[in-house]
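In what follows, chains are A, B, ... by sequence order, proteins preceding strands, each numbered from 1.
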Amino acid sequence: MHDNGEAPQDDAHRERQRLVPLRRLIEGWALVGGLVLVAVILMNVFSVASGALFGRPLAGDFEMVETGVAVAAFAFLPWCTLTGGHVSADAFTERAGARTKAALAILAATIGVAIAGVLFWRMCYGLADQISYGETTAIISIPLWWAYVPVVASLALLVVAAVIALADALPARDMWHD
Amino acid sequence: MDDPITIALAGLGVMIALIALRIPVAYAMILVGGAGAAILNGPHVVLAQLKTLAFSQFSIYDLSVVPMFVLMGHLAAHAGLSRDLFRAANAWLGWMRGGVAIAAVVACAGFGAVCGSSLATASAMGQVALPELRRLNYAPSLATGTLAAGGVLGILIPPSVVLIVYAIIVEANIVTMFAAALVPGLIAVAFFIATILIVTALRPEVAPRTAGVPRAELLAATLGVLPVVGVFGLVIGGIYAGFFNPTPAAAVGVFLVGIYGISRGTVRWPEMRSSLLDTARTSGMIYMILFGAELLKIFMSRAGVPQAAAELAQTSGLGPYTILLILIATLIVLGCLMDSLSMILLVVPFFWPVIAGLDFGMGQEDTKIWFGILALVVVELGLITPPVGMNVFVINALAPDVAMRKTFEGVAPFILAEIVRVGLLIAFPTLTLALPHLMR
């Protein structure tokens with residue numbers, strides 16, 4: 001699904017040669033999200049082991065799971081969008097011409113940009129709200145806005161990913177060529 | 001046009017049109033849900049909700065098992081658990097007529113026990129079992145058909161991502177749902193094996209007999225499968241026994257599979273990296289749909305659609321089983337066009353209030369469990385039926401020389417078996433409910 005800078009073989013491949021640093025960034029961010037997930041998993045294992053051996057599970061493991069997995073899930077969104085991971089139903093338009101399909105792909109990608117933009121815009125305010133409320137998680141009192149910072153960064157990258165996906169869907173390659 | 005129900009129905013129409021036009025399902029749900037809620041509640045309300053809605057949705061504790069089970073499936077495939085399973089099943093069953101295909105089904109069931117997704121199961125087992133079936137000159141349609149159908153076991157045998165999502169929507173206990181899915185899942189295994197036995201008895205030429213394996217191989221293969229059995233026993237057994245909640249159980253499962261892969265040298269950084277990226281892609285898709293479904297739910301409940309649907313069903317004069325059959329038929333049709341997760345998220349908020357208002361001679365909790373399993377079985381049928389049949393596509397990509405039509409031909413007897421099974425599950429709810437009752 002991703003390219004590692006191999007020689008371009010076809011048009012689609014050549015397109016993916018653009019904006020490589022941004023694509024790498026999005027991929028790297030998804031890996032960071034994956035490592036957050038792994039950290040949550042290890043924390044859980046530690047908590048289970050500690051509970052089984054010493055009768056004392058980790059305090060607040062519940063909320064660390066909730067927050068950690070949410071942070072990871074947001075970090076996954078740009079990569080999913082960039083690689084076209086969102087499922088769609090292709091059965092109805094299977095017989096449509098290549099032009100129609102290309103136009104529909106542009107429409108889908110445009111909607112993707114709009115959704116990413118609105119989410120990013122609103123959750124910036126969400127972050128501001130969280131900072132001013134100073135709400136914390138129940139047991140270990142982590143300020144909730146800490147979690148919103150990586151989330152808003154993920155959404156900024158989601159906007160970038162959606163725009164790249166739109167650029168990939170557009171036929172006018174020359175516009176983007178260096 | 002200002003009647004909320006009219007607006008909601010128009011919204012649903014627009015959404016279906018968007019989905020038909022290849023707009024990703026998640027985008028269609030977000031767009032229609034957001035716009036509909038903005039019309040009914042006012043834009044400022046929706047804009048205010050959007051500040052926190054996605055975060056509160058993504059941080060639901062019960063959902064945290066979803067990316068974990070996804071990661072476990074990817075790691076298990078890389079760690080070689082799929083290979084171990086097939087090798088052991090083949091050592092035990094391969095000598096029978098159609099035995100290698102039967103072994104593939106059993107291995108799929110085993111892999112389904114550590115993996116929550118049909119596609120991942122089909123793909124992991126296909127890579128392992130398909131070359132072997134082809135090498136032994138099994139008919140191509142039987143080989144691909146068996147694996148496409150076997151992949152469905154990935155989701156029928158708990159853990160199952162779709163089941164987790166169903167449980168969250170209807171507020172059922174995930175552990176109870178897992179328990180309820182076990183017996184129907186085992187029936188599916190038995191039926192698939194019976195299907196292969198019947199097909200190979202009718203047309204012996206599709207499955208050449210193969211020699212049994214030497215005792216040493218039988219022993220080695222059996223020992224090799226113990227890690228999988230161990231992980232399954234600990235994770236799912238631990239959940240059933242009440243020793244674990246699903247989230248810690250999933251975490252321990254991922255941890256053990258990872259450790260196993262690392263210690264064997266089959267999981268190094270490149271495999272870890274690709275497992276994480278695949279997990280990111282799949283989970284990102286799931287979370288986006290969940291977010292869209294939540295927005296859509298806000299729109300639809302504000303418009304009163306679920307209650308209206310329930311009232312319509314109650315005043316329709318149709319018997320409860322007729323209505324159930326109509327809903328199931330709807331799911332089968334939709335399943336031919338959409339993926340199972342989007343479908344569950346899309347229809348259960350409407351179908352569940354309808355079902356809940358009907359009398360099936362059992363308590364509300366039991367109806368919830370029973371209908372969930374029925375819905376799960378039926379939406380998974382869509383994975384192997386034309387025209388979309390995602391599992392068929394996955395398997396076909398692994399065997400490009402087999403025509404898609406051949407694979408659908410090979411899958412047809414399994415679809416028949418599935419229909420019989422749905423009939424059984426409807427006629428005898430106790431098949432689904434016995435285990436959850438036992439656990440209470």
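Ring geometry for A:His86 versus B:Tyr27: interplanar angle of 30 to 60°, hence tilted. Aromatic ring orientation, A:Phe62 versus B:Tyr61: parallel (interplanar angle below 30°, classes split at 30° and 60°).
Contact check for A:Val69 versus B:Tyr287: side-chain heavy atoms found under the 4.5 Å cut-off. In this structure, the side chains of B:Met68 and A:Asn44 come closer than 4.5 Å at one or more pairs of heavy atoms. Within the 4.5 Å cutoff, side-chain heavy atoms of B:Phe291 are placed close to those of A:Leu119. Using a 4.5 Å heavy-atom threshold, the side chains of A:Val48 and B:Phe255 count as separate. Between A:Met123 and B:Leu50 the shortest side-chain heavy-atom distance does not fall below 4.5 Å. Between A:Leu37 and B:Val254, the closest side-chain pair of non-hydrogen atoms is not below 4.5 Å.
In this structure, A:Phe76 and B:Ser283 approach most closely via the heavy-atom pair CD1-CB, 3.6 Å. Nearest heavy atom pair, residue B:Arg22 against residue A:Ala108, reads O-CB, 4.2 Å. Residue B:Pro24 comes nearest to A:Ser88 through the heavy atom pair CA-CB, 3.8 Å, listed as atom of the first residue, atom of the second, then distance.
Of all the listed residues (A:Phe74, A:Trp121, A:Tyr125), the one sharing the greatest number of non-hydrogen pairs under 4.5 Å with chain B is A:Phe74.
Heavy-atom distances place both the backbone and the side chain of B:Thr52 under 4.5 Å from chain A. If you measure heavy-atom distances from A:Leu82 to chain B, you find no contacts under 4.5 Å at all. Both the backbone and the side chain of A:Val87 come within less than 4.5 Å of a heavy atom of chain B. Proximity to chain A is absent for every atom of B:Ile286, based on heavy atoms less than 4.5 angstrom apart. Using a 4.5 Å cut-off between heavy atoms, B:Ile19 touches chain A through backbone and side chain atoms alike. Contact of A:Leu42 with chain B is made through the side chain alone, with heavy-atom distances under 4.5 Å.
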